[in-house]
Amino acid sequence: MRQKLLEIFERLLRNYGPRHWWPAQGPFEVIVGAILTQNTAWTNVEKAIGNLQAVGALSPRVLAGLPAAELERLVQPSGYFRQKARRLQSFARNLLERHDGSLERLFAGSLTEVRGELLALHGIGPETADSILLYAAHFPTFVIDAYTMRIFSRLGIVDDRQKYEEVRHLFLSHLPPDAPLFNEYHALIVEHGKTCCRKREPFCGACILSDICLLYSRRPQ
DNA sequence: CTCCTGTGCC
DNA sequence: GGCACTGGAG
């Protein structure tokens, strides 16, 4: 399984090249983006982050102090704006109360400890937590998202009925705990899911993984 | 399972 | 007009 997962990674990397993730100025902006991009296209998130940037709200203290209605207006382009405004302030206020606003302090514990603390926060589920752990704190954790489930269930490597933690464990148990590897792997999965392994009408004919794909072998050509 | 919500592409 | 978008809570 290790060789298979590494082979897929190598093929994706050769085909798409390094993705240079996460597109952000710093760790706090990564976290804001991770919350805003929940079930939302990144192009919409960029607008919301631009709005926050423009009023200097990309810091825990400023974000926590904004009136709710003001923050809702700023993040509106990313959708679910009431939920997301609440989730952002919830995160910022927790960070201020428990770690004096310092991400370095939040990230000071072990992967397991910090992950547990993130998951306890309102609005941070396993995918958002792993995105923060990997792309803001550089912990070697694997992000499982809708693209990962789709691509690897089509490949026949995971079952789409499997739970998040189970699929995450598959990657973590078969790959070395290498944060740069996990960073690039997930970014490549997203690129492949967006451009080739689409939900409807995937481009199997042009796919670099079709020769090892269960979906392709079952498709009527 | 349903709700949450704006944006953009086929 | 329908659908997908780097999900999570109730």
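Order of the sequence lines sets the chain letters (A, B, ...), proteins ahead of strands, with each chain counted from 1. Scope of the values below: all heavy atoms of this structure, side chains included, with no hydrogens, waters or symmetry mates.
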Fill in: Distance, C1' atom - from C:dG2 to B:dT5, rounded to whole angstrom
16 Å
Practice prompt. Take atom CH2 of A:Trp42 and atom C1' of C:dG7, then tell me their distance rounded to the nearest Å.
Written response: 14 Å
Discussion item. Please classify the nucleic acid contact of A:Ile124 as base, sugar-phosphate, or nothing, using heavy-atom distances under 4.0 Å.
Written reply: sugar-phosphate
Worksheet entry | Sugar-phosphate only, base, or nothing, as touched by A:Leu121 at under 4.0 Å among non-hydrogen atoms | sugar-phosphate
Item to complete: Taking atom C1' in both C:dC5 and B:dC4, compute the distance separating them and give it to the nearest angstrom.
Response: 14 Å
Fill in: A:Arg115 and A:Ser110 side chains, donor-acceptor separation under 3.5 Å
no
Discussion item. Please report the distance, rounded to the nearest Å, between CZ in A:Arg168 and P in C:dT6.
Written reply: 22 Å
Fill in: Check: A:Asn183 main-chain N/O paired with A:Tyr135 side-chain donor or acceptor under 3.5 Å
yes
Worksheet entry | Main-chain N/O of A:Gly193 paired to A:Arg150 side chain as donor or acceptor, under 3.5 Å | yes
Worksheet item: Among side-chain atoms of A:Gln162 and A:Glu166, is any donor-acceptor pair under 3.5 angstrom?
Response: yes
Item to complete: Using whole Å, report how far CD1 of A:Ile151 lies from P of C:dT6.
Response: 12 Å
Worksheet item: For A:Asp160 and C:dG7, what is the distance between atoms CG and P respectively, to the nearest whole Å?
Response: 16 Å
Discussion item. How many whole angstroms separate atom CD1 of A:Ile189 from atom P of C:dC5?
Written reply: 15 Å
Worksheet item: Is it the case that A:Tyr16 and A:His192 place a side-chain donor and acceptor less than 3.5 Å from each other?
Response: yes
Discussion item. Please report the distance separating the P of B:dC10 from the corresponding atom of C:dT6, rounded so that it comes out in whole Å.
Written reply: 14 Å
Worksheet entry | Separation of atom CG in A:Leu118 from atom P in C:dG8, rounded to whole Å | 12 Å
Discussion item. Can you pull out the residues from residues 130-150 of chain A that lie within a 4.0 Å heavy-atom distance of DNA chain B?
Written reply: none
Worksheet, complete the sentence: Going 5' to 3' through nucleotides 2-10 of chain B and flagging B where a protein heavy-atom sits under 4.0 Å of the base, S where only the sugar-phosphate is that close, and - otherwise, we get --BBBBS--
Worksheet item: Between C:dG8 and B:dG8, how far is it from one P atom to the other, in whole Å?
Response: 24 Å
Discussion item. If we count only N and O atoms by modelled type, under 3.5 Å, do the side chains of A:His20 and A:Glu184 hold a donor and an acceptor together?
Written reply: no
Fill in: Test item: side-chain donor near acceptor, A:Asp130 and A:Tyr164, under 3.5 Å
yes
Worksheet entry | C1'-based separation of C:dA9 from B:dT7 [nearest Å] | 23 Å
Discussion item. Strictly distance-based, threshold 3.5 Å: is any side-chain N or O of A:Lys84 a donor or acceptor partner for the main-chain N or O of A:Ser78?
Written reply: yes
Discussion item. From OH of A:Tyr164 over to C1' of C:dT6, roughly how many Å is that when rounded to an integer?
Written reply: 11 Å
Worksheet item: Between A:Gln38 (side chain) and A:Gly123 (backbone), is there a donor-acceptor pair under 3.5 Å?
Response: yes
